[in-house]
Visitor: 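My questions all concern the structure below.
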Amino acid sequence: MNYKTITTQLLAGSLLLGFVACGEKKVPLNFPKTDLSAEAIIPKPVKTVPTHSAFGLDGQTAIYTSQTDGSFAEVGSYLAETIKNTTALQLDVNQTAEATAERIIYINKAESADIANAEGYQLYITQDSIILNASDAAGAFRGVQTLRQILPEVSNDTITDHPLWLVPTGKIEDAPAFGYRGAMLDVSRHFFSVEDVKKYLDMMAYYKLNTLHLHLTDDQGWRIEIKKWPKLTEVGGATEVGGGEGGYYTQEDYKEIIAYAAARHILVIPEVDMPGHTNAASLSYPFLNGNGKALKPYTGTQVGFSTFDTRKEETYAFIDDVIGEIAAITPGPYFHVGGDESHVTKKKDFLYFIERVQKLVSKHDKTLVGWDETVQANIDPSAVIQIWRPTHTANALKAAEKGNKVILSPAHKAYLDMKYDSLSKHGLTWAAEIPVDSAYQWHPETIVKDLPRESILGIEAPLWAETITNISELEYLAFPRLIGYAELGWTEMEQRDWEDYRKRLAAHTQFLNDNNVNFYRTKLVDWQE
Ligand code: TNX
């Protein structure tokens, strides 16, 4: 039992006399000492200074936000919503009748000079107020996640009529180590619904991840509606690994995902993988096919057998339309063109293809992202290279040399589709088995020897979907490893420690259960069930 639950008893019992002021619900004088620095916050913040008292959250607490920036008010409403979901308290947001509020949570837009990082924030918790400072709504949103984690995690059967929830006082100053902290979801090998993606986004948000890379096309399925080329989804979307019925996102569905992500300050990066991994596209429009073999739907899990015809002008007219339609509904700056494992494309054709496609990406005002193979082409220094092969880290150094930034997704450490161990129910093993400790114990900062820190945009954990068919199986592979990757991207190397992390992770058991997340109960963590 901790101080949060003890308070319930204090308030329910005869100790009401011990309150600071008469007549009002105040934090009891005799509550056990709090310790903000002992809270199980993931990712671990830069600096936490406890002051050992408590803020009392109840129905009289009101949320206010800076009025100069409407996006701060949205963050306030989001906080009220999450508090309602866990405690059933309905807090007012920016209601002017201030007099009735006994305590306030104020989300303040600070001068950017004070908080340089747009995702950075400061949290000041005293007995009477919680002040969250950030220069940008993104930082306010990240700070709200910290606040959510230190508010009591209340299970459904204890929320009724609870008078006062205690929040430990003190100060937190925080900002991310890396600006790019991503997760990739392969919706091609098996299709996942908009609702599934939203649930994944909610979990990503809680752990301060800020980018969702959607792998929208592959040999087994094309998953995004392109109005000028309807057979892509009619034909190419109708299959998946194992012969299931597949599926696809209409452009409206895709916009819904983007809006849901944006409300969580998460950027979406669409990927159309080419010139390899294109069987579903060529099956839909055979003129695209460059490997000369007869086409049939592909429901297996081999890679590297398909290619676009890179020497045909119609191929580029098609790609222009595809990039154009997706770019028009993608507010973020990036467009991922894949480029991995084009084993049946001749090298010179591959390089020519990537250079042509880069021009199309720029034409539609996007920045190219490509898997590490694309660094071999004559790409613009603004392009971003995603490193995935542990054996090809030279491509990271090459990118740095050319002035390109890199995203680190080393398969033997960061691939969520690798099995945990030989007993894992789902997953592959080609890169490694990745138990939860191994997933956490590596350093993006040093994994590629001699790669300058300035060249590293951040990290991303891809979840390839050959072996998972539904959200529950997806979660089994993603959790808890994704939570560790979130910390690797946010928390500086000197602050990361497996022993400390595994204890904090254990304290998230109830949150994961309350949110119905099917996480893998590794024996490496003492889950609190
Ligand atoms: C390699 S990683 C692939 C994917 C597979 C994955 C399975 C990468 C860029 N390509 O096509 O799904 O391995 O782990």
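Ligands are counted one by one from 1 in listed order, and the atoms in each one are counted from 1 as well. Only this structure's heavy atoms are used, side chains among them; waters, hydrogens and symmetry mates stay out.
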Visitor: D320: which residues meet the salt bridge (charged side-chain N to carboxylate O under 4.0 Å, His left out) condition with it, sequence neighbours left out?
Guide: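 Only K363 meet the salt bridge (charged side-chain N to carboxylate O under 4.0 Å, His left out) criterion with D320.
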
Visitor: Output, in order, the C-alpha distance, side-chain angles, deciding distance and verdict of salt bridge (Lys or Arg N to Asp or Glu O under 4.0 Å) for E433 and K419.
Guide: CA-CA 5 Å; E433 283 170 359; K419 289 188 169 187; over 6 Å; no

Visitor: Show which side-chain atoms of residues 296-304 pair as donor or acceptor with protein atoms under 3.5 Å away, not counting sequence neighbours.
Guide:
unit_1	atom_1	unit_2	atom_2	d
Y298	OH	T301	N	3.2
Y298	OH	Q302	N	2.8

Visitor: Could you please provide the protein residues found below 4.0 Å of ligand 1 on a heavy-atom basis, arranged by chain and number?
Guide: R189, H277, V303, D340, E341, W371, W388, Y415, D417, M418, L428, W430, W464, E466

Visitor: Is the side chain of R496 donor-acceptor paired with the backbone N or O of E487 at a distance under 3.5 Å, no angle test?
Guide: no

Visitor: Any ring-ring contact (aromatic ring centres under 6.0 Å, His included) pairs touching residues 508-529, not counting sequence neighbours?
Guide: Y206-F511, Y207-H508, Y420-Y520, Y476-Y520, F519-W527

Visitor: Among R504, R502, K503, which residue satisfies the salt bridge (Lys or Arg N to Asp or Glu O under 4.0 Å) criterion with D526?
Guide: R502

